[in-house]
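Reading through the structure tokens given below for one structure.
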Number of protein chains: 2
Amino acid sequence: MPLEIRPSQALRLWRQVHLDLVRDDEADLSARQTAILLTVYLELPPHTVRGLAQQLGVTKPVITRALDTLGKLGLLTRKRDEADRRNVVIQRTVAGALAVERLADLVTEHAKEIGGS
Amino acid sequence: MPLEIRPSQALRLWRQVHLDLVRDDEADLSARQTAILLTVYLELPPHTVRGLAQQLGVTKPVITRALDTLGKLGLLTRKRDEADRRNVVIQRTVAGALAVERLADLVTEHAKEIGGS
DNA sequence: GGATAATGATACGGGTCCGTAACGATCGGG
DNA sequence: CCCGATCGTTACGGACCCGTATCATTATCC
């Protein structure tokens, strides 16, 4: 059964969550960083720079820089792949999992507040 | 009747929409810019720099710069308030309305794809 | 009218990100 | 082995954004 949501509800939900993200701003991630973070935490490993670049439709340096920032924030980690030392495996962290969970709560909470019309 | 959405659904929805936003990137707005844009298009006018700064919990220069960028993109316009010429009224544009509508469609489309579990 | 307050814009130094191009490291096939 | 291909990273010049402090303009109030 699909999730039913009307355009006006979608916009109000989008606005409320973004308002919270801006106000809390413990993170203040860009759209690209958010897409990377959620991909790593929702899709099955392993995740590589090249794979993420293909999924997002951006160049590899973009991924490298985003990983620098997300790593600095402690939201994920990089590890060399010992099987093929050219590859780098992106791994999840506890802090990252908490941040993702917090985002999920934020969305579901505001969804509840959004009335019918 | 509230909008029912589970955390796992929320995350998948959030990821899919962000992936689309990154891939299309006709805009590539930051979280702050998105919050401003949606506030202007969802809340009743008039909108001022000071009012937006208060709602977002940020300083006025942040709003001014965001309005510069959003104005350059044609998503909204500034106009001096003739009643009180200190104020600047932020106005909607056709392009902005289309962008907001497109975002709404993006969210509702992906919501449909998101299954029950 | 002059002092005061309020509004939005600007200056500044610092940081981050962009896209293109090049780079070092590593693997694999002949 | 060695040469080409494939990783991820870094260099570069340019653009954008940040927060603080300051500015010019306009309104208000005595």
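What you see is a predicted model; the values in this text were computed from it and never measured. We use all heavy atoms of the structure for the numbers below, so side chains are in, but hydrogens, waters and symmetry mates are not. The sequence lines fix the lettering, A, B, ..., with proteins before strands; numbering per chain opens at 1.
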Which of C/dA21, D/dT20, C/dG19 is nearest the side chain of B/Thr59? It is D/dT20
From CG of A/Leu67 across to C1' of C/dT16 the rounded distance in Å is 15 Å
B/Lys60 NZ to D/dT25 C1', in whole Å, measures 12 Å
Task: Side-chain (B/Arg85) to main-chain (B/Arg80) donor-acceptor, under 3.5 angstrom - done: no
note: A/Arg78, atom CZ; D/dC7, atom C1'; distance rounded to Å ~ 13 Å
(message) Please determine whether a side-chain nitrogen or oxygen atom of A/Arg85 lies at a distance below 4.0 Å from atom OP1 or OP2 of C/dA25.
(response) no
Practice problem: Would you tell me if any nitrogen or oxygen in the side chain of A/Arg32 comes within less than 4.0 Å of OP1 or OP2 on C/dG19? | Solution: yes
Whole-Å distance, A/Asp81 CG to C/dA25 P, equals 19 Å
Here the distance between atom P of D/dC7 and atom CZ of A/Arg80, to the nearest Å, is 13 Å
Rounded to whole Å, CG of B/Asp68 lies from P of D/dC16 at a distance of 10 Å
| request: Check every strand shown and say whether A/Arg50 touches a base, only sugar-phosphate, or nothing at a heavy-atom separation below 4.0 Å. | output: sugar-phosphate
Nearest-nucleotide check on DNA chain C, B/Asn87 vs A/Gln33; residue mapping nearer the 5' end is B/Asn87
Correct closest heavy-atom pair for A/Thr93 and A/Leu76 would be CG2-CA, 3.5 Å
Per atom distances to the A/Arg65 side chain, the nearest of C/dG19, C/dT10, D/dC17 is C/dG19
* To do: Check for a donor-acceptor pair, side chain of A/Arg32 on one end and backbone N or O of B/Val22 on the other, with a separation under 3.5 Å.
  => no
Side chain of B/Thr48, backbone of B/Asn87: donor and acceptor closer than 3.5 Å? no
Review point. When we call it a touch if two heavy atoms are under 4.0 Å apart, what does B/Ser30 touch: a base, just sugar-phosphate, or nothing?
Key: nothing
B/Gln54 CD to C/dA6 C1', in whole Å, measures 12 Å
From CG of B/Leu29 across to P of D/dC17 the rounded distance in Å is 10 Å
message = Measuring to OP1 and OP2 of C/dG24, would you say a side-chain N or O of A/Arg86 lies under 4.0 angstrom away?
response = no
Comparing A/Asp84 with A/Lys72, nearest DNA chain C nucleotide closer to 5' gives the residue A/Lys72
| Can you find a side chain N or O atom of A/Thr64 that sits less than 4.0 Å from OP1 or OP2 on D/dT10? | no
Among the nucleotides C/dG8, C/dT16, D/dC18, whichever has the atom closest to the side chain of B/Val49 is C/dG8
request  = Please tell me if the side chains of A/Leu11 and B/Tyr41 come closer than 4.5 Å, counting only heavy atoms from C-beta onward.
outcome  = no
